[in-house]
Protein chains: 2
Amino acid sequence: MERDLKSIGALSKATNVKVTTIRYYESIGLLAEPERTESGRRVYGKETFERLRFIRHARDLGFEIDAIRELIELQSSEEQDCSHVDGIARRHLTGVRNRIEQLRSLENELERMLDQCRGGKIEQCAIMESLADHEHCISDQHEQLDIRVQPR
Amino acid sequence: MERDLKSIGALSKATNVKVTTIRYYESIGLLAEPERTESGRRVYGKETFERLRFIRHARDLGFEIDAIRELIELQSSEEQDCSHVDGIARRHLTGVRNRIEQLRSLENELERMLDQCRGGKIEQCAIMESLADHEHCISDQHEQLDIRVQPR
DNA sequence: GTTGCTTCTACAGTCGCTGTAGATTGTATC
DNA sequence: GATACAATCTACAGCGACTGTAGAAGCAAC
């Protein structure tokens, strides 16, 4: 199927994955090394296109690279029962739910903080007090909470 | 108040911030360079202890280092009105809420995927199909969604 | 004196990319 | 054929907020 061969740029557009990211996936072994033209440019077939679409979709769902690597390995062992796949997805879902819970308690505390602020000078700002205040300290309640809001 | 002087280890325990992290905060200018003993060890007073507690609390609430830097600067301009502080917190709250929404839609899609799986072999696994399937592709709907679930 | 803990500096590694520099190749237009 | 511009190539640095490592030195208790 010679007509399906794509340059890296065409593959990028078709999958909505950036060119640099495709090269990155190759460098970490998530994508196989593709064939090259005489001048050394990458050429991709339909298989890579579909694998990349799979990867993109899994990344969109928040699966980590290592989990995707595992899923791809499992893909080739078609005979096996899919409880392993199910387990990976279920673990991930649990992670997502935990994260939502964490963020919800952040949301509550931030709301509480903002409600207390009635304007005025920084010296008496309720938000600043709240941040300096030992009483509301989250880290005393649960040891190492993961707190980053904006990933990537 | 000589009796309040702490070693880096003592400060670490008192604030629940790791020793390496305290040194890191110093290196990025979030904490001032402390005094040293004759042999070169860091010695901290009550001020640093309180600033570090402030930082820790703000980090627990998910504020980024740069936002914390700004909050600390505002702290010293006590005369100013606190609308700037309020703005920082409000922006952050909006970020948290957006993130929760993103994660909820991930949660939904993952649940849907898992519900479809009825066991069996990987070849016909609904989860795998769903991942390979173009139809459910999130990235076609909204361009660059931020998807990492487990930060740090 | 010796064991074992803390601290020191300096630097590499984490994750998942993204951006840069400088060179080459390919395509379209004049 | 010349020229302009886009796409691609490699190699490496940078992001954020730390964490971990190596190797040396200091310090306290037995």
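Heavy-atom basis, side chains included; hydrogens, waters and symmetry copies ignored. A note on names: the letters A, B, ... follow the listed sequences, proteins ahead of strands, and every chain is numbered from 1.
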Rounded to the nearest 0.5 angstrom, the CD1-CZ distance for I100(B) and R104(A) is 6.5 Å
Presence of salt bridge, R42(B) and E35(B), under 4.0 angstrom: no
Regarding the side chain of I65(B), the nearest nucleotide among dG26(D), dG19(C), dC18(D) is dC18(D)
From CD1 of I28(B) across to P of dA10(C) the rounded distance in Å is 17 Å
If you look at every strand shown and take non-hydrogen atoms under 4.0 Å, does S7(B) touch a base, only sugar-phosphate, or nothing?
sugar-phosphate
When rounded to whole Å, the CD to P distance for the pair E38(A) and dC9(D) reads 15 Å
When rounded to whole Å, the OH to P distance for the pair Y24(A) and dA11(D) reads 17 Å
Between CD1 of I8(A) and C1' of dT10(D) the distance, given in whole Å, is 12 Å
### Query
Ion pair present between E111(B) and R97(A), side-chain N to carboxylate O less than 4.0 angstrom?
yes
Closest of dT10(D), dG16(C), dA17(D) to the E64(B) side chain is dA17(D)
Of the candidates dT19(D), dT8(D), dC18(D), the side chain of K18(B) sits closest to dT19(D)
When rounded to whole Å, the OH to C1' distance for the pair Y25(A) and dC17(C) reads 8 Å
In whole angstroms, the gap separating P of dC17(C) from CD1 of I68(A) amounts to 8 Å
Between CD of E26(A) and P of dG16(C) the distance, given in whole Å, is 18 Å
Worksheet item: Are any of R42(A)'s side-chain N or O atoms less than 4.0 Å away from OP1 or OP2 of dT8(D)?
Response: no
Notebook entry, point to check: Would you say dC27(D) has OP1 or OP2 under 4.0 Å from some side-chain N or O of S39(B)?
Noted result: yes
L11(B) CG to dT7(C) P, in whole Å, measures 10 Å
Give a yes or no on whether a salt bridge exists between R69(A) and D66(A), defined as a side-chain N under 4.0 angstrom from a carboxylate O.
yes
- So does R36(B) get a side-chain nitrogen or oxygen closer than 4.0 Å to the phosphate oxygens (OP1/OP2) of dG26(D)? no
Per atom distances to the R59(B) side chain, the nearest of dT24(C), dC18(D), dT10(D) is dC18(D)
Closest of dT19(D), dC9(D), dC8(C) to the R23(A) side chain is dC9(D)
Legend entry - Atom CD of E47(A) with >12 non-hydrogen neighbours under 6.0 angstrom: no
